Each structure stands twice: as C-alpha cells, then as structure tokens.
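Bear in mind that the values here come from a model prediction, so they are computed numbers and not experimental data.
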Amino acid sequence: MNTVGNNLPNMDPLINYEQLLKLRPLKYNYQASLVYLKKLNEQQDIQIRLNQGLIRHNKVIPYGKQLIEKLNFYNDLDDFTYEYLSTKKVILNQGEVNLAIKNFQRRNGLKVDGVIGNETIRALNNSFSNDQRILALNMQRTRLKK
C-alpha cells in the first residue's frame with residue numbers, strides 16, 4: 001500500500017473502505033465514522049449555485065431541491081421534511097429549511113443567520129471526496145492519539 005508523508009494510505013480519487021478499516025484505533029469504536037465514509041463514497045456530488053446574491057429569510061431558493069437534498073444528506077434536514085419538501089415546486093428559506101440552514105452553518109463554523117450567502121454556498125459545495133479526506137485524516141489523528 002502506498003502511503004503519503006503522514007502515513008495515511010494514498011486514496012486517489014476516493015477513499016477505499018478497506019484501507020479505512022486498517023486505520024481503526026484499538027481503544028475507540030468508530031463504526032459510525034466508517035458507515036458515514038462509505039455513504040460519502042457512494043454519493044454523487046451535489047452542486048448548488050447562487051446566482052442572485054444573498055437569499056434571506058422567506059425568499060425563494062433557486063436550486064432549492066438540490067439544497068434540501070444536500071441538507072438531508074448531512075442530516076441537517078430530517079427525512080420526513082425532506083420528502084415533504086421534495087413535492088413542492090418552490091423551496092423557500094423559511095421554517096424547517098431555515099432551521100436546517102442554521103444547523104449546517106453552526107456545524108461548519110459559519111455565521112449562524114439562516115441567510116444563504118457566498119460562505120454558506122462554498123461550504124455546501126465542498127465535494128464529498130474532500131469531506132472523506134478530512135474525516136479520514138481525523139480518524140487517523142484519533143488512532144494516533146494516546
């Protein structure tokens with residue numbers, strides 16, 4: 001197995017599930033992280049475009065279906081609400097959607113205001129493969145921690 005300078009396996013372009021199993025720490029059960037990494041590996045990237053400036057509270061969200069799909073994937077929007085909103089023609093930045101946006105912003109260290117701006121879009125458009133790399137690195141750090 002090829003390794004890079006920090007002893008992480010070379011995982012181009014996506015992380016190999018079997019390689020991650022070898023990183024399992026002895027004192028810490030991180031099965032949930034492995035399941036999540038596998039889910040990331042199977043997911044197609046969802047790109048969200050912001051073409052009209054800030055999307056404030058109660059405003060229409062262009063590409064709203066892609067937004068709620070990504071928020072649902074990250075568990076910021078529950079399955080029931082996602083299924084309900086998926087039937088709507090227009091997605092508004094209000095109610096459960098606005099709360100999900102705030103949850104996403106909070107988890108990503110952004111300003112928690114429920115407004116969809118450039119920083120929120122940038123975080124939402126982070127590729128799943130990049131998320132995998134970050135999670136694998138943190139798993140490696142946990143394994144090496146004494």
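Under the side-chain hydrogen bond (donor to acceptor under 3.5 Å, both in side chains) criterion, Asp113 pairs with Gln105, not counting sequence neighbours. Scored by the side-chain hydrogen bond (donor to acceptor under 3.5 Å, both in side chains) test, Lys88 finds Tyr84 as partners (sequence neighbours excluded). Remark: Glu119 engages Arg122 in a salt bridge (charged side-chain N to carboxylate O under 4.0 Å, His left out) (not counting sequence neighbours).
Under the 4.5 Å side-chain heavy-atom criterion for grouping Ile, Leu, Val, Met, Phe, Trp and Tyr, Tyr82 is not connected to Leu99 through any hydrophobic cluster.
Residues Thr120 and Leu110 share a closest heavy-atom pair of CA-CD1, 3.8 Å. In terms of heavy-atom proximity, Lys65 sits nearest to Thr87 at NZ-C, 4.2 Å. Between Asp76 and Ala100, the shortest heavy-atom distance links the atoms O-CB, 3.2 Å.
With rounding to the nearest 0.5 Å, the separation of OH in Tyr74 from CG in Leu124 is 8.0 Å. Atoms CG and NZ, from Asn93 and Lys102 in turn, are 9.0 Å apart once rounded to the nearest 0.5 Å.
Side-chain contact check for Val97 versus Ile68: some heavy-atom pair is nearer than 4.5 Å. Between Pro62 and Ile55 there is a side-chain heavy-atom pair separated by less than 4.5 Å. For the pair Ile61/Ile116, a side-chain contact is recorded, criterion being any heavy-atom separation below 4.5 Å from C-beta on.
Although no hydrogens or angles enter the test, the distance criterion places no donor-acceptor pair under 3.5 Å between the side chain of Asn98 and the main chain of His57. Formation of a donor-acceptor pair under 3.5 Å by the Lys59 side chain with backbone atoms of Leu92 is not found in this model.
Checking Asn72 against Asp79 by side-chain atom types alone, a donor-acceptor pair falls below 3.5 Å.
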Requested in this report: For Asn103 and Asn75, run side-chain contact (heavy atoms from CB on, under 4.5 Å): C-alpha distance rounded to whole Å, both residues' side-chain angles, the deciding distance at 0.1 Å, then the answer.
Outcome: CA-CA 9 Å; Asn103 288 338; Asn75 294 319; over 6 Å; no
Report task. Apply side-chain contact (heavy atoms from CB on, under 4.5 Å) to the pair Phe104 and Lys70, showing each step before the final yes or no. Result -> CA-CA 10 Å; Phe104 178 84; Lys70 194 126 189 195; 5.9 Å; no
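By the neighbour-count criterion of 12 heavy atoms within 6.0 Å, atom CZ of Arg107 is densely surrounded, having more than that number from other residues, nucleotides or ligands.
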